[in-house]
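To start, the structure under review is shown below, and the notes come after it.
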Amino acid sequence: MSKVRRASVHSSSSGSDIILSTRTRKSISKSRRSSLAEEAIKPPSRRASLAAAITSLATATIDEEHTPLVVDVHDLYKKKIVKSSQKLNCFFGEPTPVDVCISEIKKEGLKAILESKVPLCYFLYYLLDEFSSENLLFFLEVERFDEHRRISTAGELKAMAERIYGTYISNSAQLQINLDDKVKRNITNQLLAISDFNANTIFVEAKASVYILLESSYIRFLETNIYQEMVRHCGEFTIHYDERTIKSAVSYLSGHLKQQKESINAQFNGSKDSNLSESLIAVNSHYYNLTRSIIERFVINMFGKAHLPLKHL
């Protein structure tokens, strides 16, 4: 059966000649494609982009096949930072104490602030207020674990892995992170087995899962006053922060401890006779001591013992 093309009629300017032209399916499709292309090149609004990012983070799960690739971007960025630091050390002939500037953090986001020191204090302060500081602390612990893989023995690495597991993953962990049951079982089985322990992969899925949670927290952090304080205190392009700037950042963490201490004292002085209140005070005191040890360990790792918060806290 032959195809019939629909003809269109065009009159000439004199009106006496009639010209028949065929409008093929190809020409119709071409015109439709051009109109769709015009719609496609319109850039999405900032609000739509942010909503899409939040949706993708919320719907991501650790069971996705390529979830561990999430942290590959961070690892590549970390190599870039290390290479830049090595170039500076070579230029000056000695180790150069540099940090990540705020401009770089605005450009690169979470992966940049995770490689910083002073700006990271402000992010930790926000996470403490959000009651999700364990995610950042676990991620940093696994980063240190990864650094030790080349210089430590298998026995030393397994001991480190068991300590991380006991602190952040086990059912009795004081700083338990939110992980999928399958991921927890895989880590548990590796630590219990004699020959199946693999330091290269044991925390890969857990680290990727926590990175997604940190991405979600970071998006909320951008909308807070503490983020604006970070920008104001650190400056836009500073890569070497002086003592005053470091102390200002650490003071936010010590201020968080001070607020907790004052809250416990107010509870103790307000209702000494209630058994329930005494129990609540005991729980809050335990949480305070745990938070204090977290902050002290963080400050020592970042800046050294000289910058520890005040002893009376």
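Numbers here are sequence positions counted from 1. Nothing here was measured: the structure is a model prediction, and the numbers come from that model.
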Under 3.5 Å: donor-acceptor pair, side chain of Ser254, backbone of Ser251: yes
Side chain to side chain, Phe145 and His148, heavy atoms closer than 4.5 Å: no
CG/Asn225: more than 12 non-hydrogen atoms of other groups inside 6.0 Å: no
Shortest non-hydrogen separation from Val210 to Phe138 and the atoms involved: CG2-CD2, 3.6 Å
Contact check, side chains of Cys234 and Val118, non-hydrogen atoms, under 4.5 Å: yes
Sidechain N-carboxylate O distance under 4.0 Å for Arg220, Glu130: yes
Test item: Gln176 side-chain N/O and Ser170 main-chain N/O as donor-acceptor pair under 3.5 Å: yes
Pairwise side-chain contact, Leu136 with Leu120, heavy-atom cut-off 4.5 Å (strictly under): yes
Heavy-atom side-chain proximity of Tyr126 to Met230 below 4.5 angstrom: no
From OH (Tyr211) to CG (Asn135), nearest 0.5 Å: 13.5 Å
Separation of Phe203 CZ from Ile164 CD1 (nearest 0.5 Å): 4.5 Å
4.5 Å side-chain heavy-atom contact, Ile294 and Leu175: yes
Test item: Ser216 side-chain N/O and Leu213 main-chain N/O as donor-acceptor pair under 3.5 Å: no
Between OG on residue Ser263 and OH on residue Tyr287, distance to nearest 0.5 Å: 11.5 Å
Ile226 vs Asp129, side-chain contact (heavy atoms from CB on, under 4.5 Å): CA-CA, chis, key distance, verdict: CA-CA 11 Å; Ile226 189 64; Asp129 258 9; over 6 Å; no
Verdict with reasoning, Leu127 to Leu137, per side-chain contact (heavy atoms from CB on, under 4.5 Å): CA-CA 10 Å; Leu127 293 174; Leu137 299 170; over 6 Å; no
Nearest atoms (heavy-atom pairs only) where Asp242 meets Thr245: OD1-OG1, 2.6 Å
More than 12 heavy atoms from other groups under 6.0 Å of CG on Asn178: no
Electrostatic pair Glu229-Arg232, nearest N-O below 4.0 angstrom: yes
Main-chain N/O of Tyr241 paired to Asp99 side chain as donor or acceptor, under 3.5 Å: no
Asn301 vs Arg144 side-chain heavy atoms within contact, under 4.5 Å: yes
From Lys184 atom NZ to Asn171 atom CG, the distance as rounded to the nearest 0.5 Å: 4.5 Å
Any side-chain heavy-atom pair of Tyr218 and Leu222 under 4.5 Å: yes
Backbone of Ile113 reached by a side-chain donor or acceptor of Ser116 within 3.5 Å: yes
Salt bridge present between Arg292 and Glu296 (N-O < 4.0 angstrom): yes
Residue pair Gln190, Tyr165: steps toward the side-chain contact (heavy atoms from CB on, under 4.5 Å) verdict: CA-CA 11 Å; Gln190 280 202 54; Tyr165 175 83; over 6 Å; no
4.5 Å side-chain heavy-atom contact, Pro119 and Val100: no
Salt-bridge contact Asp146-Arg149 (side-chain N to carboxylate O under 4.0 Å): yes
Gap separating the CG atom of Asn265 from the CG atom of Asn284, nearest 0.5 angstrom: 11.5 Å
Spatial distance of atom CD (Glu141) from atom CZ (Arg163) [nearest 0.5 Å]: 4.5 Å
Heavy-atom closest contact (Thr238 atom, Gly235 atom, distance): OG1-CA, 4.4 Å
Donor-acceptor pair, side chain of Glu104 and main chain of Cys101, under 3.5 angstrom: no
Taking every non-hydrogen atom, the tightest pair across His307 and Glu243: NE2-OE1, 2.7 Å
Test log, rule side-chain contact (heavy atoms from CB on, under 4.5 Å), inputs Leu128 and Ile295: CA-CA 10 Å; Leu128 286 166; Ile295 291 175; 3.9 Å; yes
